[in-house]
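Report on the structure given below.
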Amino acid sequence: PPAQLAAMTSSSNRAANAALVQRHMLRRPMHRADAGRRSFFELRTLAGNNTYITINRDESAYIDGGRIMEFDVAATNGVIHVVQHVLMPQ
(Lines give C-alpha, C1' and ligand atoms only; values in the text may rest on other atoms or scores of the structure.)
Protein backbone atom coordinates (compact mmCIF):
# COMPACT_ATOMS: atom_id res chain seq x y z
CA PRO A 1 0.00 0.00 0.00
CA PRO A 2 1.30 3.48 -0.88
CA ALA A 3 0.87 4.95 2.63
CA GLN A 4 2.73 2.05 4.22
CA LEU A 5 5.49 2.32 1.64
CA ALA A 6 5.86 6.05 2.29
CA ALA A 7 6.10 5.44 6.05
CA MET A 8 8.63 2.62 5.63
CA THR A 9 10.89 4.61 3.31
CA SER A 10 10.89 7.79 5.38
CA SER A 11 14.40 8.71 6.53
CA SER A 12 12.97 9.35 10.00
CA ASN A 13 11.97 5.70 10.28
CA ARG A 14 15.41 4.04 10.21
CA ALA A 15 14.55 1.15 12.55
CA ALA A 16 11.60 0.13 10.39
CA ASN A 17 13.75 0.47 7.26
CA ALA A 18 16.41 -1.81 8.76
CA ALA A 19 13.78 -4.37 9.81
CA LEU A 20 12.28 -4.34 6.31
CA VAL A 21 15.67 -4.94 4.69
CA GLN A 22 16.50 -7.70 7.20
CA ARG A 23 13.26 -9.50 6.28
CA HIS A 24 14.87 -10.00 2.86
CA MET A 25 18.24 -11.32 4.07
CA LEU A 26 19.58 -14.63 5.35
CA ARG A 27 22.68 -15.22 7.47
CA ARG A 28 24.45 -16.97 4.62
CA PRO A 29 24.04 -17.13 0.84
CA MET A 30 21.53 -19.63 -0.49
CA HIS A 31 21.42 -20.67 -4.12
CA ARG A 32 18.57 -22.37 -5.95
CA ALA A 33 20.56 -25.63 -6.01
CA ASP A 34 20.75 -25.58 -2.18
CA ALA A 35 17.02 -26.37 -2.07
CA GLY A 36 17.68 -29.71 -3.72
CA ARG A 37 14.50 -31.62 -4.47
CA ARG A 38 12.50 -30.19 -1.57
CA SER A 39 9.13 -28.71 -2.45
CA PHE A 40 8.64 -26.79 0.81
CA PHE A 41 10.97 -25.46 3.44
CA GLU A 42 11.31 -22.75 6.06
CA LEU A 43 14.15 -20.26 6.54
CA ARG A 44 14.85 -17.71 9.26
CA THR A 45 15.71 -14.19 8.09
CA LEU A 46 18.09 -11.72 9.75
CA ALA A 47 15.00 -10.01 11.19
CA GLY A 48 14.25 -13.24 13.06
CA ASN A 49 11.06 -14.13 11.24
CA ASN A 50 10.38 -17.41 9.49
CA THR A 51 9.81 -17.29 5.77
CA TYR A 52 8.36 -20.12 3.72
CA ILE A 53 9.56 -21.30 0.32
CA THR A 54 7.41 -23.44 -1.98
CA ILE A 55 8.79 -24.99 -5.17
CA ASN A 56 6.25 -26.46 -7.57
CA ARG A 57 6.73 -29.35 -10.00
CA ASP A 58 7.03 -26.86 -12.86
CA GLU A 59 10.00 -25.30 -10.97
CA SER A 60 8.08 -22.10 -10.19
CA ALA A 61 8.95 -20.99 -6.67
CA TYR A 62 7.27 -18.74 -4.11
CA ILE A 63 8.41 -17.06 -0.92
CA ASP A 64 5.59 -16.10 1.44
CA GLY A 65 3.19 -16.10 -1.51
CA GLY A 66 5.31 -13.92 -3.81
CA ARG A 67 6.73 -15.55 -6.90
CA ILE A 68 10.51 -15.75 -7.18
CA MET A 69 11.05 -14.32 -10.64
CA GLU A 70 14.80 -14.93 -10.98
CA PHE A 71 17.29 -17.03 -9.01
CA ASP A 72 20.98 -16.71 -8.19
CA VAL A 73 21.77 -13.17 -9.29
CA ALA A 74 25.39 -12.58 -8.25
CA ALA A 75 26.06 -9.58 -6.00
CA THR A 76 29.26 -8.36 -4.39
CA ASN A 77 27.91 -9.23 -0.93
CA GLY A 78 26.03 -12.45 -1.68
CA VAL A 79 23.33 -13.70 -3.99
CA ILE A 80 19.96 -12.15 -4.88
CA HIS A 81 16.69 -13.79 -5.84
CA VAL A 82 14.25 -11.40 -7.51
CA VAL A 83 10.86 -11.60 -5.77
CA GLN A 84 7.54 -10.41 -7.16
CA HIS A 85 6.72 -8.23 -4.14
CA VAL A 86 8.23 -6.73 -1.00
CA LEU A 87 8.02 -8.99 2.06
CA MET A 88 6.26 -6.60 4.44
CA PRO A 89 6.10 -7.08 8.21
CA GLN A 90 2.78 -8.39 9.47
Side-chain angles (χ1 to χ4, degrees):
Q4 191 173 16
L5 178 62
M8 294 297 292
T9 57
S10 168
S11 61
S12 64
N13 203 353
R14 289 188 180 177
N17 292 341
L20 179 64
V21 169
Q22 289 179 348
R23 287 184 64 80
H24 294 78
M25 298 173 69
L26 302 175
R27 294 198 185 285
R28 60 183 177 83
M30 182 174 184
H31 295 85
R32 169 59 183 96
D34 296 334
R37 300 186 58 82
R38 293 181 285 178
S39 61
F40 179 82
F41 56 99
E42 180 179 350
L43 298 169
R44 184 169 298 273
T45 69
L46 283 179
N49 64 294
N50 293 333
T51 189
Y52 303 94
I53 312 292
T54 303
I55 302 173
N56 297 319
R57 288 178 191 230
D58 66 0
E59 294 296 313
S60 61
Y62 294 83
I63 180 168
D64 292 343
R67 186 167 182 161
I68 301 173
M69 307 302 288
E70 188 173 349
F71 295 95
D72 299 340
V73 178
T76 57
N77 60 347
V79 62
I80 298 169
H81 307 288
V82 180
V83 180
Q84 183 179 33
H85 68 262
V86 176
L87 305 175
M88 297 296 286
Q90 299 298 319

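This is a predicted model, so every value here is computed, not measured.
Annotation for P29 and D34: closest pair O-OD2, 4.2 Å, computed over non-hydrogen atoms. Residues A19 and A47 come closest through the heavy atom pair O-CB, 4.0 Å. Residues T45 and Q22 come closest through the heavy atom pair CB-O, 3.4 Å.
More than 12 heavy atoms of other residues, nucleotides or ligands lie within 6.0 Å of CZ in R38, so this atom counts as buried by the packing criterion.
Panel note: side chain N56, backbone D58; no donor-acceptor pair is recorded below 3.5 Å.
Taking Ile, Leu, Val, Met, Phe, Trp and Tyr as hydrophobic and joining them when side-chain heavy atoms fall under 4.5 Å apart, one finds L46 in a cluster with V21, M25.
Note on I53: it does not cluster hydrophobically with V79, by side-chain heavy-atom contacts below 4.5 Å among ILVMFWY residues.
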Counting only pairs under 3.5 Å, give me each side-chain donor-acceptor contact of residues 66-78, with atom names and distances, residues two or more places apart or in other chains.
unit_1, atom_1, unit_2, atom_2, d
D72, OD1, R32, N, 2.9
D72, OD2, R32, N, 3.4

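Considering CD1 of I63 and OH of Y52, their distance stands at 11.5 Å, rounded to 0.5 Å. In this structure, F41 CZ and T54 OG1 are separated by 9.0 Å, a value rounded to the nearest 0.5 Å.
Using a 4.5 Å heavy-atom threshold, the side chains of L43 and M30 count as touching.
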